[in-house]
There are 2 protein chains.
Amino acid sequence: MTTLIEEPAEMHNNILIVEDDMAIREMMAFSLRREGFDTFKAASGHEALDQLNRVHPDLIVIDWGLPDMSGIDLIDMIRRDKVIKEVPIIMLTARAEEADKVKGLERGADDYLTKPASMLELMARIRAHLRRSRGFELTHKLEYQGIVMDAEAHEVLIDGKSLSLSLTEFKLLKLFLQNPNKLLGREHILNHIWGRNTFVEDRTVDVHILRLRKALKKHGKDKWIQTVRGVGYKLTS
Amino acid sequence: MTTLIEEPAEMHNNILIVEDDMAIREMMAFSLRREGFDTFKAASGHEALDQLNRVHPDLIVIDWGLPDMSGIDLIDMIRRDKVIKEVPIIMLTARAEEADKVKGLERGADDYLTKPASMLELMARIRAHLRRSRGFELTHKLEYQGIVMDAEAHEVLIDGKSLSLSLTEFKLLKLFLQNPNKLLGREHILNHIWGRNTFVEDRTVDVHILRLRKALKKHGKDKWIQTVRGVGYKLTS
DNA sequence: ACAAACCTGTCATCAAGCTGTCATAATGAT
DNA sequence: ATCATTATGACAGCTTGATGACAGGTTTGT
């Protein structure tokens, strides 16, 4: 199997750095790693898109001036992509002009920092954005009606009792817990668990749903994953 | 569907400004109003809390140094309040120290701007935050006289009770809910549900109407879909 | 290094649910 | 009363999802 989305045992946050200046890029990557983030690097817009095909970062830092395209264009592309469009983006550039800031923010960036940027401030802002996008889940804990998942510990408790799941089942349940009561189509599930450019039968999703249901059944909560014929599945109490 | 950045014309955002310097406060309020926001003002932490008891702003701008408490303390209080804790907060202060920025962001502010701040930048940042927080509230819901459809969850509730529909019935009901009280011709219905270039008898529509009515009948609302002889159907109370 | 245990992605098969059409009965309009 | 239009019940065909089995592949413990 080709697992494109690696989920390290300790679930760290993935940060993608898009910056053509190697010195700055490496420095940022270093600082971020030291803070416990997993970093991915890209030196151009195309490299960035390439990375995005393989990883779904939790946040992206983008330099305004890239060799092959403007950072703003990259943001546009990201915001148009169904799978990752929600990712927080911090724009980091040398342009201090007010008009540029406004433009960057209006065009889809969530934050705008001018170089030379303080690493501490960048870090703080990254954390602030992650705090939100992860749903105040800096603790890495997800919960829904008695199902408690500690993503970091890779552990699931149902009504206090521990539940063991395989990696795929775990990711699947996590996806459900992140979108409770929302309908998830097969396509969506595939994209988020196997990555976009993988060739996996959609029917495979069924099988994993089945397996997850079996696991939940031991705790009487197998009915919580509902099938919506022709569309997908959803987690409901 | 549509974009995330959908801006209903009538929709005004409530912004609460917490700032003790009257000149700055009024200037901000003025600028914000001109941009179409509804503003609420507070000159101290207590005034702010007072306001919060009456209004639930969509975003709060807080000055670090308030006469009666630190802006950070105010943030703490807000974040502890179950009802409004999710509101985006922008901290606006004279303190340019890096350590302060970090502290503000770590303690719960979503953004941090140093005075003198550019109104344009503030505006852009406010919009960027609203863009996100509103995205979550845009949970696509349709309602008509007790029939509530959550398209995202693919769920229909009638007077609170759940109703299960097949995919076609669901789409049909959705079409009606999107056009309440409007007359929908067969042709129109066909186009919207089966697509323009499909070969389906228009009598088929009748059958699906029938099925939808049957489903609604369980909740006594089958009469709501009226037949308009020779033309089509419409949803009416 | 080796075997046992476990995971995973696919299949083939089965059952259940949906759909589009008809034929026929109702209903409404003139 | 007659013609046009719609409501209904029945149905056969088709899709879609559930399930059990299985062959590789990987991990774990010894």
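Sequence lines set the chain letters: A, B, ... in the order given, protein chains first and strands last, and positions in each chain run from 1.
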- Kindly assign one of parallel, tilted or perpendicular to the pair A/His129 and B/His129, based on the angle between their ring planes and the thresholds 30° and 60°. parallel

- Message: Base, sugar-phosphate or nothing for B/Ser166? Non-hydrogen atoms, less than 4.0 Å.
- Response: sugar-phosphate

- Gap separating the CZ atom of B/Phe176 from the OG1 atom of B/Thr236, nearest 0.5 angstrom: 9.5 Å

- Task: Could you please name the option among C/dG28, C/dT19, D/dA7 that lies closest to any side-chain atom of B/Arg229?
- Result: C/dG28

- Query: Does B/Tyr233 put a side-chain nitrogen or oxygen below 4.0 Å from OP1 or OP2 of D/dT5?
  - Reply: no

- Determine the contact category for B/Leu167: base if any of its heavy atoms lies under 4.0 Å from a base atom, sugar-phosphate if only primed atoms, P, OP1 or OP2 are that close, otherwise nothing. sugar-phosphate

- Note on the structure: Heavy atoms of A/Thr93 and A/Asp63 approach each other most closely as CA-OD1, 4.0 Å

- Message: With no hydrogens and no angle check, just 3.5 Å: does a side-chain donor-acceptor pair link A/Ser70 and A/Arg107?
- Response: no

- When rounded to whole Å, the NE2 to P distance for the pair B/His208 and D/dT6 reads 17 Å

- Task: Look at B/Thr227 and D/dA7 and indicate whether a side-chain polar atom (N or O) is within less than 4.0 Å of OP1 or OP2.
- Result: yes

- Task: Return no unless some side-chain N or O of B/Lys214 is found under 4.0 Å from OP1 or OP2 of D/dA7.
- Result: no

- Taking NZ, NE, NH1 and NH2 as the nitrogens, is one of them in A/Arg25 or A/Asp20 under 4.0 Å from a carboxylate oxygen of the other? no

- Item | Candidate nucleotides D/dG17, D/dT8, C/dT19, ranked by approach to the side chain of A/Arg203 - the nearest | D/dG17

- Query: How long is the line joining CD1 of B/Ile209 and P of C/dC18, in whole Å?
  - Reply: 18 Å

- Note on the structure: A/Ile189 atom CD1 is separated from D/dG17 atom P, nearest whole Å, by 11 Å

- Message: With a 4.0 Å limit, can you tell me whether A/Trp194 has a side-chain N or O closer than that to the phosphate oxygens OP1/OP2 of C/dG9?
- Response: yes

- Task: State which of C/dT19, D/dA18, C/dC11 makes the closest approach to the side chain of A/Leu210.
- Result: D/dA18

- Would you mind classifying the nucleic acid contact of B/Phe170 as base, sugar-phosphate or nothing, using non-hydrogen atoms under 4.0 angstrom? nothing

- Reckon B/Thr168 has a side-chain N or O less than 4.0 Å from the OP1 or OP2 of C/dT19? yes

- Report yes if a side-chain nitrogen or oxygen of A/Arg186 is closer than 4.0 Å to either non-bridging phosphate oxygen (OP1 or OP2) of D/dG17; otherwise report no. yes

- Please confirm whether any donor atom in the side chain of B/Arg211 sits under 3.5 Å from an acceptor in the base of D/dG9, or the reverse. no

